[in-house]
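One structure below.
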Amino acid sequence: MLGFPALPLTPKPHCRIFTNTCHSYHNQTPTITCSSSSSFKPTKNPQIQHLSKQGHLKQALHFLSQEPNPSQQTYELLLLACTNHRSLPHAAAVHKHLIDDGFDQDPFLATKLINMYSQLDCLDEARRVFQKTQEKTIFLWNALVRALTLAGEGAEAIALYQEMIRIGVACDRFTYPHVLKACVVSSPSSSISVFHVGKAIHTHILRRGFETQVHVATTLVDFYSKFGLVSYARRVFDGMPEKNVVSWSAMIGCYAKNSRPCEALELFHEMIEEVGDDYPNSVTMVGLLQACAALSALGQGKVLHAYSLRKGLDSIVSVVNALVTMYVKCGSLEAARQIFDQMCRKDVVSWNAMISGYGIHGFGREAIRLFEEMMGAGVEPNVITFVSVLEACSHVGLVEEGKGLFECMVRKYRIFPSVEHYACMVDLLGRAGQLDEAAKIIEMMRIEPDPIVWSSLLGACRIHGNVELAERASIRLFELEPLNAGNYVLLADIYSEARMWDDVDRVKKLLEARGLRKVPGCSWIEVKKKIYSFVSVDELNPQIEQLHALLLQLSTEMKDRGYVPDTKVVLYELDENEKERIVLGHSEKLAVAFGLINSKNGETIRITKNLRLCEDCHTVTKFISKFTNTEILVRDVNRFHHFKDGVCSCADYW
DNA sequence: TTAGGGTTAG
C-alpha cells in the first residue's frame, strides 16, 4: 500500500461577527436557584390524563375547567399533549388556565411552557415566560438557551449564556451542549468571533471540570469538527474517560466531513476492537459511507453495505441515502439506482442524491426526468434539489432546460435563489459560451456574489479563452479570496493559453509573493480493497519505473497516430521535451498505468483525482481505453468521465 | 424536567 491520498481540505464553515443584541432578560432582580422547588406531586386527573394522551385536547380542557384543584402534574401532562399534537390554540388555553390557577410562578411548569412554545415555534412566548418567572432555576435558563439555539437565534443564545456568567448562575452539563451548538447555528455566513466564543466556552468547561462529561465532550468534538479543526476535536476525544457510540460516531463523522476519510475508516476499526462489533449504529454507518464516497472506495463501501444488511441498518433512510451517494461517487450508478428504486420510503434527500448522481455522471436528461418524477410523487423540492438539477444541466449544456428550471424554482416553488443557484446559472451559461449572459446574471444578482460565483465565471473564461472577462473576475476573486492559489493558477492558465507569457510571469510572481503554492495533483485507485495514491513526482512508488515505461510506450504509439502532447498547463519556462515529460508523469496517468498493470483483464479501472482533469490526460485516457480495450472511469473534482472505445462520456464538454 | 453524533449540493 503506497499511502493514502492527501486530499484538499473542504471549506470550513465561516462565522459571522455579530454584535451582542443585549437583550435584557431581567425586569426584576433575579432569584437564582439550582433545583426545582417542587417535591410534592399530587395525582393526575385520570380523565384529563386519558383524553390528553388520546389527543382529545378540547375535551381535556373541558374537564380542566371543571376540575376544582388541578395539580402541577395535570398541567404537565396537558402541556405535553399540546406539544405532541402541535396545537397552539389549546396550548394558549392551558397556559391561561395555569395562570388563573396560580401556577404562573411555578418554575417547573415555566420550564415546560418554554419547551412547549419552543416546539411550537413561538419563541416570543418562550421569552415572555422566562422573563415573567421570578425564580429562575437552571432548568429555566437551559430551556431558553435551548429554545433560542433551536430557533437559529445563536447570537441571542450566546448573549443569554453570557448573562448567566455575568450574574453568577452556575452552568451545568446541560447548558454547554446547547450554547456550543449556538456558536455554529449563529454562523451561517461568516465570522471568526463565533469560533472564539466557542473557544472561550471550552475554557470555561475546562475550568469547571466538565470536559470529561460525555455529552459535553461529544458536543465539543462536533463543535471543532464544524470549524474544520480536526486535531482539536481529536484531542477532546482522546481525553474522554468514557466513550460511547455517539462520541465514536462524532469523531468518525468529523474525519469524514473534513477530508480525512482514511482516518474515519481507521477509527472505525479501533472502535470495533475497543467496544465490540455490535456497537456501531446508523449514524456511525453514515459517516463511514461518506468516507468511502470521498475515497471512491467501492470495495470497502460494498463491505460496509453488507455490514449494514447484517446489522439491520439498511432500513434506516439516512443509511440508504448514504449508500446511494456512496455508489454514485464510487462510479456505480446502476447500483445506486437499484437501491434507490428499492427504497420503501424515499425522502427529499434520497431524490436529491439520485438526481445529483445522474448529474455528475453526465446524464442531464435523466436528472431532469427524475426531478419531474419527484414532482409527480408530490415530494417538495428544496434548495439542494435545484442546485443538483441545475448542475446536471450545466454538465451537459442543457441551457434552455436550466433556464426554465431556475425560473420555475422562483415562480412555482417560491425558492429564493442563493449564491449556489446563481453560481450554477453562471456555470451553465458560461460553459455553453454565453459569457456575456453569465456576466449579466452576476450584475443582476440581488445578493452579493461570493467566490463560487466568480470562480464559475473564471472557469468558463478558461474554456472559452476570454482574457478580458477573466481579468475582471480575477480582480474580484483576489479581493475575496486572496489566499486561494487555485484562482491564480486558473488565471495563469488563461494567459498561457493566450500565449501572454509576461502576464503568466506576473501572476506567478503574485502567487509567490503571497507565499502560496499550487495544490499538487493527486490521483488514487482502489485495487483489492486497498487505496493506492499517486502524485506527479512519485519516486517512492516501487513500481514507478514500470509505470513510466508503460506510459512512454503508450505515448510513442499515440504519437505514431498523430498525438501531440498538450503541455500548456506547465507554466514553467522549460524546453518542450521536459514539458512533455512532466505532463506524461501526471498523477492520473500514473494511476491509470498502475490500474492497467494491477487489475484483472476486462476489469473497469476507477480513478479519482483531487483537481480537474487536464486536457492532455483526457486525450491520453481516451486513447488508452481504445488501445487496451479497457473501460476507465475517472472522477475528477467536478464530475465523472467514462472512457470507452476511445470516447469519453463527457463528449469533451467539461 | 433538560444534554451529545446523521443522509442530499457547492
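Here is how names work: the chains are called A, B, and so on, in the same order as the sequence lines, proteins then strands, and each is numbered from 1.
- Comparing dT7(B), dG5(B), dG10(B) by their closest approach to the side chain of Val286(A) singles out dT7(B).
- Residue contacts for Val320(A): at a heavy-atom cut-off of 4.0 Å it reaches no nucleic acid atom on any strand shown.
- The residue Asp222(A) sits close only to the backbone: its heavy atoms come under 4.0 Å of sugar-phosphate atoms, none of a base.
- Set against dA3(B), dG10(B), dT1(B), the side chain of Lys112(A) has dT1(B) as its closest nucleotide.
- Rounding to whole angstrom units, CG of residue Asp314(A) and C1' of dG6(B) are separated by 17 Å.
- Thr219(A) contributes no side-chain N or O that forms a donor-acceptor pair with the base of dG4(B) under 3.5 Å.
- Contacts of Ile452(A) with the nucleic acid, taken as non-hydrogen atoms under 4.0 Å apart, involve only primed sugar atoms and P, OP1 or OP2.
- Per the geometry, CE belonging to Met251(A) stands 19 Å off P belonging to dG4(B), to the nearest Å.
- Listed nucleotides dG4(B), dT8(B), dT2(B) differ in distance to Asn352(A); the shortest reach to its side chain belongs to dT8(B).
- Between the side chain of Ser71(A) and the backbone N or O of Thr74(A) there is at least one donor-acceptor pair closer than 3.5 Å.
- Between Ile360(A) atom CD1 and dT8(B) atom C1' there is a gap of 11 Å when expressed in whole angstrom units.
- Protein atom CZ of Arg173(A) is 12 Å distant from nucleotide atom P of dT1(B), rounded to whole Å.
- Which of dG5(B), dG6(B), dA9(B) sits closest to the side chain of Thr218(A) comes down to dG5(B).
- Rounded to whole Å, the distance from NZ on Lys329(A) to P on dG10(B) is 7 Å.
- Separating the OH atom of Tyr255(A) from the P atom of dG5(B) is a distance of 18 Å, rounded to the nearest angstrom.
- Within 4.0 Å (heavy atoms only), Val319(A) reaches no atom of the nucleic acid at all.
- In this pair, Tyr161(A) and Tyr176(A) present their aromatic rings perpendicular. The plane angle is above 60°, beyond the 30 to 60° band.
- The residue Thr325(A) sits close only to the backbone: its heavy atoms come under 4.0 Å of sugar-phosphate atoms, none of a base.
- For Phe108(A), the listed nucleotide lying nearest its side chain is dT1(B); candidates were dT1(B), dG6(B), dG4(B).
- Stacking here means ring centres nearer than 5.5 Å and ring planes tilted less than 30 degrees, and by that measure His215(A) does not stack onto dG4(B).
- Partners of His202(A) according to the ring-ring contact (aromatic ring centres under 6.0 Å, His included) rule, which considers only residues two or more places apart in sequence or in another chain, are Tyr224(A).
- Among dA3(B), dT8(B), dT2(B), the nucleotide with an atom closest to any side-chain atom of Ala353(A) is dT8(B).
- Heavy atoms of Arg146(A) sit under 4.0 angstrom from primed sugar atoms or phosphate atoms, though from no base atom.
- For Asn281(A) and dG6(B), a side-chain-to-base donor-acceptor distance below 3.5 Å is absent, hydrogens and geometry of angles not being considered.
- Relative to the side chain of Glu420(A), the nucleotides dT7(B), dG4(B), dA9(B) differ in distance, and dA9(B) lies closest.
- The distance from atom CG of Leu144(A) to atom P of dA3(B) is 14 Å, rounded to the nearest whole Å.
- In this structure, Gln119(A) places its CD atom 12 Å from P of dT2(B), rounding to the nearest Å.
- The nucleotide whose nearest atom lies closest to any side-chain atom of Asn142(A) is, among dT2(B), dA9(B), dG4(B), dT2(B).
- Using a 4.0 Å heavy-atom criterion, one finds that Ser282(A) contacts the bases of the nucleic acid, with or without backbone contacts as well.
- Nucleic acid contact class of Lys243(A) (heavy atoms, under 4.0 Å, all strands): none.
- Leu390(A) comes within 4.0 angstrom of nothing in the nucleic acid, heavy atoms only.
- Listed pair Ser356(A) / dA9(B) meets the phosphate criterion, a side-chain N or O lying under 4.0 Å from OP1 or OP2.
- Side-chain proximity of Lys257(A) to dG6(B), dT1(B), dT8(B): nearest is dG6(B).
- When side chains are defined from C-beta on, Val389(A) counts as touching Phe386(A), because their heavy atoms get closer than 4.5 Å.
- In this structure, Glu481(A) contributes its side chain and Leu483(A) its backbone to no donor-acceptor pair below 3.5 Å.
- Across all strands, Gln290(A) comes closer than 4.0 Å only to sugar-phosphate atoms, never to a base (heavy-atom distances).
- Using a 4.0 Å cut-off between charged side-chain N and carboxylate O, Glu448(A) and Arg476(A) make a salt bridge.
- Regarding contacts with the backbone of dT7(B), every side-chain N or O of Lys346(A) stays at 4.0 angstrom or more from both OP1 and OP2.
- Judged as a side-chain hydrogen bond (donor to acceptor under 3.5 Å, both in side chains), the pairs with a partner in residues 236-255 of chain A (not counting sequence neighbours) are, in order, Arg234(A)-Asp238(A), Arg234(A)-Tyr255(A), Asn244(A)-Ser247(A), Ser249(A)-Thr284(A).
- Picking from dG10(B), dG4(B), dT7(B) the nucleotide with the shortest atom distance to the side chain of Asn321(A) gives dT7(B).
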